[in-house]
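Every chain is numbered from 1, with letters handed out A, B, ... down the list of sequences. The structure displayed is predicted, hence computed values, not measured ones.
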Protein chains: 2
Amino acid sequence: MLQEKILATAISQFGKQGYDGASTRQIAGLCDTAMSSITYHFGGKQGLYLSCADHIAARISERLGDIAAQLQGREAEMDAAQARERLLHLLDAIARLMLDPDSEDWVCFLVREQQNPSEAFDRIYNGVMGNLIESAVLLLARIRPDMPEHERRAQVMLLYGQALVLRAARASVTRGLRAERLGDAETGILRRMIRANAETIFNGGMP
Amino acid sequence: MLQEKILATAISQFGKQGYDGASTRQIAGLCDTAMSSITYHFGGKQGLYLSCADHIAARISERLGDIAAQLQGREAEMDAAQARERLLHLLDAIARLMLDPDSEDWVCFLVREQQNPSEAFDRIYNGVMGNLIESAVLLLARIRPDMPEHERRAQVMLLYGQALVLRAARASVTRGLRAERLGDAETGILRRMIRANAETIFNGGMP
DNA sequence: GTCTATACTACGATAGAC
DNA sequence: GTCTATCGTAGTATAGAC
């Protein structure tokens, strides 16, 4: 399917080079087609970019949607131990996402987009990201009912930050770990430590 | 000074729009000068970009250099309690940096640069960022001598990640906190929680 | 639907006047 | 040092053939 090929190529190019850096000519060229195909199928560069955002939202759903769907509205029924396991699982899934080479392009797209959010960010946030944050907040409410709501929200963002850094500051992380790249060994350590930190934080302030 | 004005404007534009998105014409225009001034003073767009990197490294030094300088080589002499206070102070300084509106432009520059690191990233990393990471690793070694070196390195990156997320995913953080922007109230909570999390993590696994 | 042609704009670099 | 003028290149958009 030409449209899908263009979409995948565009996400890769936008992710690598940013909106302005990527060119429709080059994207079309990589798909062995003419630039005007993009106009025809997506209405232009801007339209292509927004379609990329929708596609990314769909991919996040594919990958994390199961977890979020299982949670949908059930957070309130869980006991603290169940909620804890679910949240740890969610955090690990996000960490794996940030470490997965296959997701590099579109996570880069997303990180770039957050630097100056446009309509594309709205689509992704409203599509799935917001749900992932809200689910985590609800789970944390079961784990730490003592904590004020606004602190729980802050805590969720900080927990996600530990995963995000693995992609957003990849260049610093590889150097900081004195590694050439994040291989299986580094990946394993980082995932274990994110989990351990989260568990420690869940217990924080509680006897 | 025209050169400094161009530099400040360029950091802002590169930060907001990325390397390709920013244009030398526009940067010159914002400084009420001709585009060829950039050629004259910096040798071209690429030269200007690298000068921005050096300027950013200098600004990080201004702001965090004191902390790093005080630490220079003294980490080994400290006892665990001193090291703990120093590292908490360093983390808070970085968190404040990520929250400070004045640093928005150049932190954006840095986040963008990490998406596909060039020579500009080398200059900043070798200039100051590497030192900040290594200092933190040495401090953590005093606090958690039981922890293997490679885990300490990973832990430092995760701790920094909690601060980084405040800038790199600002759009998600403000929405996640249900805030319009990160004001004094949110800033205070986030800084307190980063500190509390770090303290908890320092104790993690220790009785 | 997909291609070729072309129009139009904006960019970075550079030469030369002052 | 700073400016104007110009060149070549590369971008998006669009019209029209097939």
Participant: Could you write out each protein N or O paired with an N or O of nucleotides 13-17 of chain D at a distance under 3.5 Å?
Facilitator:
residue : atom : partner : partner atom : Å
D:dA13  : OP2  : A:Lys45 : N            : 3.2

Participant: Distance check needed: C:dG1 C1' versus A:His41 NE2, whole Å only.
Facilitator: 6 Å
Participant: Tell me the interatomic distance from A:Gln26, atom CD, to D:dT9, atom C1', rounded to whole angstroms.
Facilitator: 15 Å
Participant: Grab the OH-P distance between A:Tyr49 and D:dT12 for me, whole Å please.
Facilitator: 14 Å
Participant: The criterion is side-chain contact (heavy atoms from CB on, under 4.5 Å); which residues satisfy it with B:Glu151, sequence neighbours excluded?
Facilitator: A:Ile189, A:Arg192, A:Met193, B:Met147, B:Pro148
Participant: For residues 30-39 of chain A, run the donor-acceptor check on the side chains, cut-off 3.5 Å, and write out each pair with its distance to 0.1 Å, sequence neighbours left out.
Facilitator:
residue : atom : partner : partner atom : Å
A:Thr33 : OG1  : A:Ser37 : OG           : 2.8
A:Ser37 : OG   : A:Ala34 : O            : 3.1

Participant: Ignoring hydrogens and geometry, is there a side-chain-to-backbone donor-acceptor pair from B:Arg123 to B:Asp54 under 3.5 Å?
Facilitator: no
Participant: With pairs taken as Watson-Crick or G-U wobble and both distances under 3.5 angstrom, which stems of at least three consecutive pairs involve DNA chain D?
Facilitator: C:1-4 with D:15-18, C:6-18 with D:1-13
Participant: Counting just side-chain N and O atoms, does A:Ser37 come under 4.0 Å of either OP1 or OP2 of C:dC3?
Facilitator: yes
Participant: Does the side chain of B:Tyr40 get closer than 4.0 angstrom to OP1 or OP2 of D:dT2 through an N or O atom?
Facilitator: no
Participant: Scan the side chains in residues 109-116 of chain B for donor-acceptor partners under 3.5 Å anywhere in the protein, sequence neighbours excluded, and list what turns up.
Facilitator:
residue  : atom : partner  : partner atom : Å
B:Arg112 : NE   : B:Gly15  : O            : 2.7
B:Arg112 : NH2  : A:Asn116 : OD1          : 3.3
B:Arg112 : NH2  : B:Gly15  : O            : 3.2
B:Arg112 : NH2  : B:Lys16  : O            : 2.6
B:Glu113 : OE1  : B:Tyr49  : OH           : 2.4
B:Glu113 : OE2  : B:Ser118 : N            : 2.6
B:Glu113 : OE2  : B:Ser118 : OG           : 2.6
B:Glu113 : OE2  : B:Phe121 : N            : 3.3
B:Gln114 : OE1  : A:Ser172 : N            : 3.2
B:Gln114 : OE1  : A:Ser172 : OG           : 3.1
B:Gln114 : NE2  : A:Ser172 : OG           : 3.3
B:Gln115 : NE2  : A:Ala168 : O            : 3.2
B:Gln115 : NE2  : B:Val111 : O            : 3.4
B:Asn116 : OD1  : A:Arg112 : NH2          : 3.3
B:Asn116 : ND2  : A:Lys16  : O            : 2.8

Participant: Sort out for me which residue in B:Arg63, B:Arg59, B:Arg191, B:Arg167 forms a salt bridge (charged side-chain N to carboxylate O under 4.0 Å, His left out) with B:Asp100.
Facilitator: B:Arg63
Participant: Given 3.5 Å as the limit, does a donor-acceptor pair link the side chain of A:Arg142 with the main chain of A:Met78, or not?
Facilitator: yes
Participant: Is the shortest distance from a Lys or Arg side-chain nitrogen in B:Asp122 or A:Arg175 to a carboxylate oxygen in the other one below 4.0 Å?
Facilitator: yes
Participant: Regarding B:Arg152 and B:Glu134, does a basic nitrogen lie under 4.0 Å from an acidic carboxylate oxygen?
Facilitator: no
Participant: Write down the atom of A:Leu64, the atom of A:Ala93, and the distance for their closest heavy-atom approach.
Facilitator: CD2-CB, 3.5 Å
Participant: Residues of residues 7-21 of chain B with any non-hydrogen atom less than 4.0 angstrom from an atom of DNA chain C: list those, numerically ordered, please.
Facilitator: none
Participant: Separation of A:Leu2 atom CG from C:dC3 atom C1', in whole Å?
Facilitator: 12 Å
Participant: Heavy atoms under 4.0 Å, any strand shown: does A:Ile38 hit a base, just sugar-phosphate, or nothing?
Facilitator: nothing
Participant: Would C:dA5 be called syn or anti here, given the cut-off of 90° from 0?
Facilitator: syn
Participant: How many Å lie between CG on A:Leu48 and P on D:dT12, as a whole number?
Facilitator: 10 Å
Participant: May I ask you to say what B:Ala28 touches in the nucleic acid, namely base, sugar-phosphate or nothing, with a heavy-atom cut-off under 4.0 Å?
Facilitator: nothing
Participant: Any side-chain donor paired with an acceptor under 3.5 Å for A:Tyr19 and B:Gln17?
Facilitator: no
Participant: Tell me if a side-chain donor or acceptor on A:Ser103 pairs with a main-chain N or O of A:Leu97 at a distance below 3.5 Å.
Facilitator: yes
